[in-house]
Amino acid sequence: MGDFGNLTPAFIALLVLGGQIGLPVLVLTTLRCKKLNRHSTFVNFCLTGIIYSIVFCLLIYSGNHRFGRSNGALCVAQASMVSGVLPMIGVSAFTVVLQIWATFQDPGSAIFTAFERRSVRIMLLLFPYVTFLCFLLAAILVATKVPGSVGNHNGLYCFFSTVAIAMYVTPITCAALMAITAILAAVTVVQWYRRWRVMKKAFPLAANETHAMICLRAFLFNVYTWIILIVSLYYQSGKNTGLLYLAEAGLPLATFLVFGTQRDILEAWGIRIGWK
């Protein structure tokens, strides 16, 4: 570990711009504009990004983020939430891709029908927060059983540095989730492309612009999942660098840039552009 307190301005700027300005505006726009059609799992994904941003800012907002300094209770609280917020946002990303994958199944199939049920939708929305709560409670239990396992060892936020929940459980869980999400996203893109080719043959004059932009956003979302995967694996190795922390802080902003620049979103903000 090392003192990365010099990265505080960039670290907090990325978190605030993405998770406390961009994503809240995107969520409010999605909920208030009737022309926008976004699934509830997408809105939920944005909400988990907001929570993620706030959790990582807690110690900085308290003014106790300097290397080796921290408020005991707040440090334990933040470390416990950090242990839960990474799996939470991983599960949330997975539910978004899972829902999209389900929509590409044949109408009337068991999978398609199941995902249309309200109970399944509620489960998809609750799953990230149940995951967060489980990791949070486990982390609090570890903190009470192993005094001194929590600390501000990077000058940015508190985390567990000497127990398995930080070194193995959380990063391995995130890595597994992101690997599954990336594979499922790739399968979904292939299914979508095959259907698009069929439609293209039936309607040769169909525009290519939408196709290109959808492929681009699918690619960017896959890049996003792999960034989380790499961050998780790097945590496990213990070879943390300043770039790692900036990548970690930039996840909410990446979410906003990928999904907040769609044409219908921009037009809802009064911005007219040429892409879709």
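Starting from 1, each residue takes its place in the sequence as its number.
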Are any of the side-chain heavy atoms of M88 and M81 separated by less than 4.5 Å? no
Cluster question for you: counting only ILVMFWY and a side-chain heavy-atom cut-off of under 4.5 Å, with indirect links fine, are L28 and I271 together? no
Would a single hydrophobic cluster contain both I100 and L125, if residues Ile, Leu, Val, Met, Phe, Trp and Tyr are joined by side-chain heavy-atom contacts under 4.5 Å? no
Under a plain distance cut-off of 3.5 Å, with no hydrogens placed, do Y52 and E248 share a side-chain donor-acceptor pair? no
How many angstroms lie between CZ in F127 and CG in N44, if you round to the nearest 0.5 Å? 12.5 Å
From CA spacing to verdict: side chain to side chain contact (heavy atoms under 4.5 Å, CB included), Y129, L47: CA-CA 11 Å; Y129 304 108; L47 291 175; 3.8 Å; yes
How far apart are the closest heavy atoms of L184 and F94, and which atoms are they? CD2-CE1, 4.1 Å
Side-chain contact test, heavy atoms from C-beta onward, threshold under 4.5 Å: evaluate it for T48 versus F132 and give yes or no. no
In terms of the angle between their ring planes, are F11 and F56 parallel, tilted or perpendicular, with boundaries placed at 30° and 60°? perpendicular
Note: L246 and A10 closest approach over all heavy atoms is CD2-CB, 3.9 Å
May I ask you to test the N154-Y245 pair for a side-chain heavy-atom distance under 4.5 Å? yes
Mark yes or no for whether Q78, through its side chain, and C158, through its backbone, hold a donor-acceptor pair below 3.5 Å. yes
Is it the case that more than 12 heavy atoms not belonging to N6 sit under 6.0 Å from its CG atom? yes
Measure the CD1-SG distance between I51 and C46 for me, rounded to the nearest 0.5 Å. 11.5 Å
Quick one: does any side-chain atom of T181 pair with a main-chain N or O of L177 as donor and acceptor, under 3.5 Å? yes
Rounded to the nearest 0.5 Å, what separation is found between the NE2 atom of H39 and the CZ atom of F45? 15.0 Å
Side-chain touch V27/P24, heavy atoms, less than 4.5 angstrom: no
Please lay out, stage by stage, how R38 and D264 fare under the test side chain to side chain contact (heavy atoms under 4.5 Å, CB included). CA-CA 11 Å; R38 297 294 186 275; D264 56 350; 2.8 Å; yes
Mind checking whether L7 and L251 sit in one hydrophobic cluster, side chains of I, L, V, M, F, W, Y counted as touching below 4.5 Å? yes
Value rounded to 0.5 Å, distance of CZ in F42 from CG in N37: 11.5 Å
Calculate, to the nearest 0.5 Å, the distance between atoms CZ and CG belonging to F256 and L23 respectively. 7.5 Å
Exercise: identify the closest heavy-atom pair between G49 and I89: CA-CD1, 3.9 Å
Are V82 and Y61 linked, directly or through intermediate hydrophobic residues, by side-chain heavy-atom contacts shorter than 4.5 Å (ILVMFWY only)? yes
Would S83 and L136 satisfy side chain to side chain contact (heavy atoms under 4.5 Å, CB included), going step by step from the backbone distance to the final call? CA-CA 7 Å; S83 296; L136 174 65; over 6 Å; no
Would K35 and E267 pass as an ion pair if we require N to O under 4.0 Å? no
Exercise: identify the closest heavy-atom pair between A139 and S80: CB-CA, 3.6 Å
Quick one: do V150 and L141 end up in the same hydrophobic cluster if we chain Ile, Leu, Val, Met, Phe, Trp and Tyr together by side-chain heavy atoms under 4.5 Å apart? no
Which atom pair, heavy atoms only, marks the closest approach of T131 to P87? CG2-CB, 3.8 Å
Measure the shortest side-chain to side-chain distance between I12 and C57 over non-hydrogen atoms and say whether it is less than 4.5 angstrom. yes
Separation between NZ (K145) and CD1 (I140), nearest 0.5 Å, reads 13.5 Å
Hydrogens and angles aside, do T41 and Q99 bring a side-chain donor and acceptor to less than 3.5 Å of each other? no
Kindly give the heavy-atom pair with the smallest separation between W269 and G260, and that separation in Å. CZ3-O, 3.5 Å
Please lay out, stage by stage, how T30 and I265 fare under the test side chain to side chain contact (heavy atoms under 4.5 Å, CB included). CA-CA 8 Å; T30 302; I265 295 287; 4.2 Å; yes
